[in-house]
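Just so we're on the same page: letters track the sequence lines, and every chain starts at 1.
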There are 2 protein chains.
Amino acid sequence: MRRQNLAVILSTVAGSGPLSRAAVAKRVGLTRTAVSSLVDELLGARLLVEGDVRTNGKVGRPGRELALNDRGPAGLGLEVGPAHLGVCVVDLRGATRVWHRVPARNRSRPAEQVLAELVELAADGVREAEAAGLEIQGSVLAVPGVLGPAHDTVEHAPNLGWRDVVPARHWPGQLRAPELENEANLGALAERWCGAQTADTLVHISAETGIGAALVIGGRLFRGAGGYAGELGHVPVHHDGPRCSCGARGCLEQYAGARAVLRAAGIRGTHRDPVATLAERARDGHAPTLAALAQAGEAFGTALTSAVNLFDPAAVVLGGAYAELSPWLLPAMADELAARVRVRPWDPDVLRPSSLGRSAPLLGAAHLTVRRILTDPARLGE
Amino acid sequence: MRRQNLAVILSTVAGSGPLSRAAVAKRVGLTRTAVSSLVDELLGARLLVEGDVRTNGKVGRPGRELALNDRGPAGLGLEVGPAHLGVCVVDLRGATRVWHRVPARNRSRPAEQVLAELVELAADGVREAEAAGLEIQGSVLAVPGVLGPAHDTVEHAPNLGWRDVVPARHWPGQLRAPELENEANLGALAERWCGAQTADTLVHISAETGIGAALVIGGRLFRGAGGYAGELGHVPVHHDGPRCSCGARGCLEQYAGARAVLRAAGIRGTHRDPVATLAERARDGHAPTLAALAQAGEAFGTALTSAVNLFDPAAVVLGGAYAELSPWLLPAMADELAARVRVRPWDPDVLRPSSLGRSAPLLGAAHLTVRRILTDPARLGE
């Protein structure tokens, strides 16, 4: 009970603070005495701070106001992408206090070398956070791949060239290895927690070279029975289409993955960021690129018809690097969805671009720890 | 707390009974005294019965054993289908005590006439149940259509010819109108509760003239953000296929719905049950029917590839009338799924026929009330 009440008070301050103890008591329906005892515990755990006495112009006694501590527990997010490393620290108020996302050619290097560099970057991030008075309470590493059932192994991350990599084995003994999570999943959670999406039930698309999606149900990630949910990139779009790298035919990735779109746009041998390249050409009005993006958008629309008809999300969010291609992808996606989702009402506003784009997985990784603390503050003492 | 403890004791007896009070206390970890007080309340509510003293051959005092009451509260299930009406009563032990499923040409009659007949059938069912010592505690009506947001209106049931029908308006004033639920949803729940499926996350297909599916997540129905989840029949199978009645192109129903399969099999103008007709021809080895069913199975496999890749269910159950066509549909479905679900491991045993078939919605309707009582017995007193 006490455990639950601590969480209720913390989330009340998180949602509506700053608030006086009296205002908290009124909102949660507990006695002033009970609230004060719980608040003292939260102050002791450095989760709340109590501000200066202030008069707010209303009748009654002035109260000291409670707020989430921005110099207390914090979450560390880490990320390995094909072409970057990232570290991020988020405080209890949800503010990003450390942010480093640096280019790194990870695809062509052994995993241990990539991870050694990440460890250094993480140590820098932790030092910065500590200098700002923050205490890291948990760390989560976003990876673009499929995790093993125990969540300690990256079973397969094709765009990193990783197979059965266990990051904890490459983590220095004195440091606690991060928890692993799929980047598409973290992207979806970030969109829900700190993006513009308030929908409880959504499909979040993470697209670049690979196309994945994460399903959020009731505000929580839905992973499927075996952890394989959200493989949007391999939904069949054309029954007898070209052979996909997965072995099937006509998968969405064959029409809308970055490599397929570059090919359709007639852009060859670029070593630059493929999505940035496509956005640049599209902005320049390069006709083959515009046509290729419209075709890709149509293919997305066909695959998403399956997702909408089966899953009925309140929002379909185009995220990941592809959020940058929204101006050219979304119109064709919207047309195709409007033409195909006919058995039930369809609101075109369900489809929208991510407000976080490429930043989402790293933000989600850092916020995960903060969210867990806010949901169950008693875990900090364990 | 007491409310929750009542539920724990009831579900312990339901899951492992008959059990003595001492055995219940041991299993739930409460004192014998606390358990006895709760058990007395459950006996008073006629949810449990206490049997004769029996010695079980073990050392110790013989105990009177507790079991769910099979002469107590019960659930009434009702169903309106295009060609039948149904009434079913299930007791707390899950035994079907009343079962009437009678042919009725409902498609060609006004809704009020159909509902008047259902009311009569329901009254007969209630009388039979009462004669057996049962008390109906709730009734649920299974309908093959889309319900309005308030769940009191059948917005559209194309196979009944119903639009905006409110069954409660046609229910006699002295009787409590049943709660409405979609038949595909109830079919899925029945499969989970009293069928052979133990999977927590499953896709249950209800197919006949229309093709629907219900998604079960964590043992509970997932309805989607707007209640439209599970429209498997309108997943695109062929990008530029024939126009569907919904207005889109190449929907699964155009390849695998009963009308499409009859047409492909060259069977015309039958006024009989289309699925029974197809099963009979297939059993006779009628080559065009066998080919049509194989084609339909392939189309199911393509559409289900989307469902499996997006949703990752532990079971995909072919239910409804089509369960009777399993011998001819499943092989092609299995082949297509094996060829297309390639990005992740695929276990062919995930795909299976329903053990309940056409009976599932009516069973689910009756079991819904019983399940609610077992989950929260205190609701009975409210």
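Residue Arg243(B) places its CZ atom among more than 12 non-hydrogen atoms of other residues, nucleotides or ligands, all under 6.0 Å distant. The environment of CZ in Arg2(A) is crowded: more than 12 heavy-atom neighbours from other residues, nucleotides or ligands sit within 6.0 Å.
Across Ala314(B), Gly233(B), Gly247(B), the residue that shares the most heavy-atom pairs under 4.5 angstrom with chain A is Gly247(B). Ranked by heavy-atom pairs under 4.5 Å with chain A, the first of Arg342(B), His239(B), His238(B), Arg344(B) is His239(B). Top candidate by heavy-atom pairs under 4.5 Å with chain A, chosen from Cys244(B), Ala248(B), Gly224(B), Ala229(B), is Ala229(B).
For chain A, the nearby part of Ile217(B) is the side chain; its heavy atoms alone come within less than 4.5 Å. Contact annotation for Glu336(B): only side-chain heavy atoms (C-beta onward) come within less than 4.5 Å of a heavy atom of chain A. Only the backbone of Ala339(B) comes within less than 4.5 Å of a heavy atom in chain A; its side chain stays farther off. If you measure heavy-atom distances from Leu310(B) to chain A, the contacts under 4.5 Å come from both the backbone and the side chain. Heavy-atom distances place no part of Glu155(B) under 4.5 Å from chain A, backbone and side chain included. With a threshold of 4.5 angstrom between heavy atoms, Glu253(A) does not approach chain B through any atom at all.
The heavy-atom pair separating Pro313(A) from Ala225(B) by the smallest distance is C-CB, 3.9 Å. Closest non-hydrogen pair, Phe222(B) versus Thr201(A), comes out as CZ-CG2, 3.8 Å.
When atom types are taken as modelled, the side chain of Asn309(B) and the backbone of Glu231(A) share no donor-acceptor pair closer than 3.5 angstrom. Using modelled atom types, one side-chain atom of Arg340(A) and one backbone atom of Arg249(B) make a donor-acceptor pair closer than 3.5 Å.
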